[in-house]
Amino acid sequence: MPCFLPIGLLILIMRLSTAADDAVPDILLSLSAVAGGKVDLPCDIASPMEEDEVYLVLWYKDESTTPIYSVDARKGRLPQARHAASDNLSSRAYFSVISKPSVLEMESLVAEDEGEYRCRVDFRKARTRYSIIYLQIIVPPGIPIIKDHNGEVLQGMIGPYNEGDRLLLICESEGGKPLPSLTWWKSTILLDDTHEVTSPNTVRNELEIAVLKRLDLMAVYICQASNNNISVPTSSSITLEMNFRPLEVRIEGHRRPLSAKKPLELVCMTTGSRPPAVITWRKGDTKLKSVKDKISVGDSVTTSTLILTPTSEDNGKFLYCQADNLVIPGSTIEDSWKLEVHFVPQLTLRLGSKLRHSNIQERNDVYFECNIRANPWVTDIGWKFDNQELHTNLSAGIIVSNQTLVLQRVQRHNRGRYSCTGTNTEGQGESNHVHLRVQFAPVCKPGQKTLYGSLLHSAVRILCEVEADPADVTFRWQFNNTSGNLEALTSRSTGTRSVVNYIPRTEHDFGTLYCRGKNSVGLQTEPCTYTVIPAGVPGMVRNCSINSETEHSFLLHCAEGDDGGLAQHFYMEVREAATDQLRANISADRPSFVARGLPSNTIFQVTVYSGNAKGTSVPVTLRVGTHPTPESQTQKDDVWQLNINPYLWVLIAIVVGLISVALFVVLYMKTRNRHHAIKTASQTMASCKSPSSAPAFPDDGCDVCACTGRGEEKLPVLITGNGMVTTNGERKDGDGGLMFINSNCVGWKKFQTNPDCDLVTKSILNVPIEDKESLDCNVSVSPSSRPPSISSPGTASPEDVPTKTQKCNSRYTSKTSLTDESNATLPLMSSRQTEV
């Protein structure tokens, strides 16, 4: 874009004023161009006269008298003109005559191209024309360099810087003509346009950010150098990476009381940290290990999960969740929760502060104190003695008063373990056990042997045991002889035990011995008494039992009987019950025996007795059996034999017998019923005489009526529908029926109410039969094998012409009923009289 410079114009005027030539330049211009770029220097070659032509175009620079570029058209027209350029412009300049006005095109400009350019145009007719142009070459500044406060060059992504840091950015640019101006931009926002020249060729601009904020994350800061409005300014930029401190941390969930020893899952969440914050759990000053940490996709939220199992000691402590950005010192923030832990009461029992175990003796007063630690506080306090509940009992000297137990005038039975209990909403707790020691003078230990048998001149060892606290006891033995005097005896004592070896030398030396102990509490009030009598045979053993029977052994155990005053031994004999063969003979110091090596599956007679120097006891006899071998089957001579218990054989025989009896009874009843049916049928059949025999009744339901000429054969019986038997062909109202009986069939057949007894259907008729009525019917017997028919006169077909007619008179007595194949109940004749 051309611009007029006052300085260039002044120089041009001065030169024109001193020029010898009287020509006046037509164009006075000042142009600016950027080094490395191009410029068009205008020169008007249009002639003011018509039909004129350009002869010569010459370009001069500064004071040079030699053209730097020429266009010679003197030997032809301008399009065919000859162009010539100096060495400096040979490849960078061209005069274009096409443009209007014509221009000298220059490219790849350098700083040396700056100066005054003159264009001289000679015409064929017109006067020579001059154009003067002043060209200014602008050199762009170098690319700015960004540095930090330490002089380190910054470029691209820088940092990370911590939130709240101070940032100083220094931008410098060297070179450029004229010197450039430096400006700072944040993206498209101008931040600073002040700069200073630090050297003839250097410009500097410093940008200070006092406090970096979250908005500065990934912000782009640009330093721009510009010295013209033609070319694009040069610039450098940096992108800011930052670290953020955590903004918030909190323990999530409702803060309620916790129960001791019950695991609880807690979650702590923190937000706002870059990079993600590190979460630390603390209980008081103790660090806890979390189960897992999770970072959200955006890296701004971190959660940590803790499984906490509180204890009673945690009650009142603070639980902390701490979030730290490790790259930002002092970025720690935390959330705290004062724990309230509910737990089962914790109790501690001790004797009263002024009491000592070593000083408690019978008839002293004792009290216990129960210290309680509980949350929530106890609702009930209890006391136990040897795991039995204690309650106030003034008569027994027991007083329960909340956290104190008082025992008045304690005795030996008050010795034992004491504890206190407390109950709250979490459960019941029990204290430690305190064993109360009550010191007392010696007393006889119960359950001792007090009766001893002895032989004359034989020593008997008599043991005296007492209970005492303290157990350091001294003993004194005395014998009450027949004269009533107490004689002291020599003994050996250890702790609460004392032994005397007593030898009766005469009959008067049998009697009673007294043993009395003494400790630091006092002398035994009632002595222990032991009686020595002449020795006898031992008593028999008691309560014998058999255990652990196997195929070849068993274990027998008995309780000892009285030893008769002497040392006794025990004996067991084992004999086979069947053969009286002795299988084992065992002796022992105690009545426990094991018999081995016995035959299996055998019954034995076992005898047990004891003996001492005076003789043997009454024997005790038992029966014992060994088990059979595990094999249920054995093979002998390639033949398998089944071993079955004899009791099983008896059971099998009984079952088989019962089954056989049942089958016999069933068969007998069936045979008897069949015989009775045949007999009844024979008695109730009517007799008919005929020269020919009738065929037997068919087996398919007895469809026809037939009879024979012999009275012993089976005959049909004709019955009226109302139960009255017709006599001599006379019938009464109602349907009739036919009853027939043979070995296969007893049934009724319905017929038409026709005096000639024609059989037309098989329907069953259930009608009663009156006693002693007669039946008169004509029976036609066919000579063929077909069943005969009963017909009336004039109704017989040619093929059914009877050969002979029989008249039967029958008398009946109806008593029973029968059932045919249709399950209808029918009257059945139990007796019958027949006349032929």
Side-chain angles (χ1 to χ4, degrees), residues 34-37 138-248 270-277 295-302 324-331 333:
V34 179
I138 301 173
V139 179
I143 297 176
I145 297 175
I146 303 175
K147 301 178 181 179
D148 61 10
H149 64 284
N150 294 323
E152 296 291 335
V153 177
L154 306 176
Q155 56 183 357
M157 185 76 69
I158 65 170
Y161 293 91
N162 295 335
E163 178 186 2
D165 284 355
R166 170 182 173 272
L167 178 63
L168 177 63
L169 298 176
I170 302 171
C171 181
E172 290 183 340
S173 178
E174 294 183 354
K177 181 184 177 183
L179 290 177
S181 62
L182 289 180
T183 54
W184 278 104
W185 301 74
K186 183 178 181 181
S187 296
T188 59
I189 301 173
L190 179 62
L191 299 179
D192 187 3
D193 59 356
T194 62
H195 60 275
E196 60 178 345
V197 178
T198 58
S199 68
N201 200 32
T202 304
V203 181
R204 178 188 180 102
N205 189 348
E206 295 183 359
L207 176 65
E208 180 181 1
I209 303 174
V211 178
L212 289 175
K213 300 180 180 179
R214 291 177 175 264
L215 296 176
D216 294 321
L217 175 64
M218 295 301 169
V220 178
Y221 290 88
I222 304 170
C223 178
Q224 182 174 289
S226 176
N227 63 354
N228 65 86
N229 55 359
I230 300 174
S231 62
V232 177
T234 59
S235 63
S236 295
S237 65
I238 52 97
T239 302
L240 198 58
E241 171 69 291
M242 293 190 63
N243 296 325
F244 297 155
R245 63 183 67 245
L247 291 178
E248 178 188 15
T270 179
T271 59
S273 179
R274 180 184 174 89
I295 301 173
S296 67
V297 176
D299 292 344
S300 61
V301 178
T302 303
D324 294 277
N325 188 333
L326 300 181
V327 298
I328 304 179
S331 64
I333 59 174

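Sorted by first and then second residue, the disulfide bond (SG atoms under 2.5 Å apart) pairs with a member in residues 148-227 read Cys171-Cys223; sequence neighbours excluded. Sorted pairs that involve residues 184-216 and meet disulfide bond (SG atoms under 2.5 Å apart), not counting sequence neighbours, are lacking altogether. Applying the salt bridge (Lys or Arg N to Asp or Glu O under 4.0 Å) test to every pair with at least one member in residues 191-203, sequence neighbours left out, gives no pairs at all. Residue pairs meeting the side chain to side chain donor-acceptor pair (under 3.5 Å) criterion with at least one partner in residues 232-242, sequence neighbours excluded, are Glu241-Arg274.
When every heavy atom of Ile138 is checked against every heavy atom of Pro178, the shortest pair comes out as CG2-CD, 4.1 Å. Here the shortest heavy-atom pairing between Ile170 and Glu206 reads CG1-CG, 3.9 Å. Gly176 and Asn201 get closest at one heavy-atom pair: N-OD1, 4.4 Å. Of all heavy-atom pairs between Gln224 and Pro233, the closest is CG-CB, 3.6 Å. In plain terms, the two heavy atoms of Val327 and Pro275 that are nearest each other are CG2-CD, 3.9 Å. When all heavy atoms of Ser226 and Pro141 are compared, the pair lying nearest together is N-CG, 4.4 Å.
Distance check, rounded to the nearest 0.5 Å: CD of Glu174 to OG of Ser199 gives 6.5 Å. Annotation: the span from Asp148 atom CG to Ile158 atom CD1 amounts to 8.0 Å, rounded to 0.5 Å. With rounding to the nearest 0.5 Å, the separation of CD1 in Ile328 from CG in Asp165 is 8.0 Å.
Partners of Arg166 according to the side chain to side chain contact (heavy atoms under 4.5 Å, CB included) rule, which considers only residues two or more places apart in sequence or in another chain, are Leu168, Glu208. The salt bridge (Lys or Arg N to Asp or Glu O under 4.0 Å) check on Glu172 picks up Lys147, Arg204, with sequence neighbours excluded. Residues satisfying the side chain to side chain donor-acceptor pair (under 3.5 Å) criterion with Thr198, sequence neighbours excluded, are absent altogether. Judged as a salt bridge (Lys or Arg N to Asp or Glu O under 4.0 Å), and not counting sequence neighbours, Lys213 has no contacts. Take Leu167 and apply the side chain to side chain contact (heavy atoms under 4.5 Å, CB included) test, not counting sequence neighbours, and it matches Tyr161, Leu169, Ile209, Leu212, Leu240. For Ile333, the side chain to side chain contact (heavy atoms under 4.5 Å, CB included) partners two or more places apart in sequence, or in a different chain, are Pro246, Val249, Ala323. Looking at residues two or more places apart in sequence or on another chain, you find a side chain to side chain contact (heavy atoms under 4.5 Å, CB included) between Lys186 and Leu191, Asp216, Ala219, Tyr221.
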| message | Before you tell me yes or no, could you show the steps for Leu179 and His195 under side chain to side chain contact (heavy atoms under 4.5 Å, CB included), namely the whole-Å CA-CA distance, both residues' side-chain angles and the distance that decides it to 0.1 Å? | response | CA-CA 11 Å; Leu179 290 177; His195 60 275; over 6 Å; no
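Without hydrogens or angle criteria, Asn227 side chain to Val139 main chain gives a donor-acceptor distance under 3.5 Å. Between the side chain of Ser173 and the backbone N or O of Gly142, at least one donor-acceptor pair lies under 3.5 Å.
When the shell of 6.0 Å around CD1 of Ile143 is examined, it contains 12 or fewer heavy atoms from other residues, nucleotides or ligands.
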Quiz: residues 149-157 side-chain donor-acceptor pairs under 3.5 angstrom, not counting sequence neighbours:
none

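In this structure the side chain of Arg214 never reaches within 4.5 angstrom of the side chain of Met242, judged on heavy atoms. Between Thr194 and Asn205 there is a side-chain heavy-atom pair separated by less than 4.5 Å.
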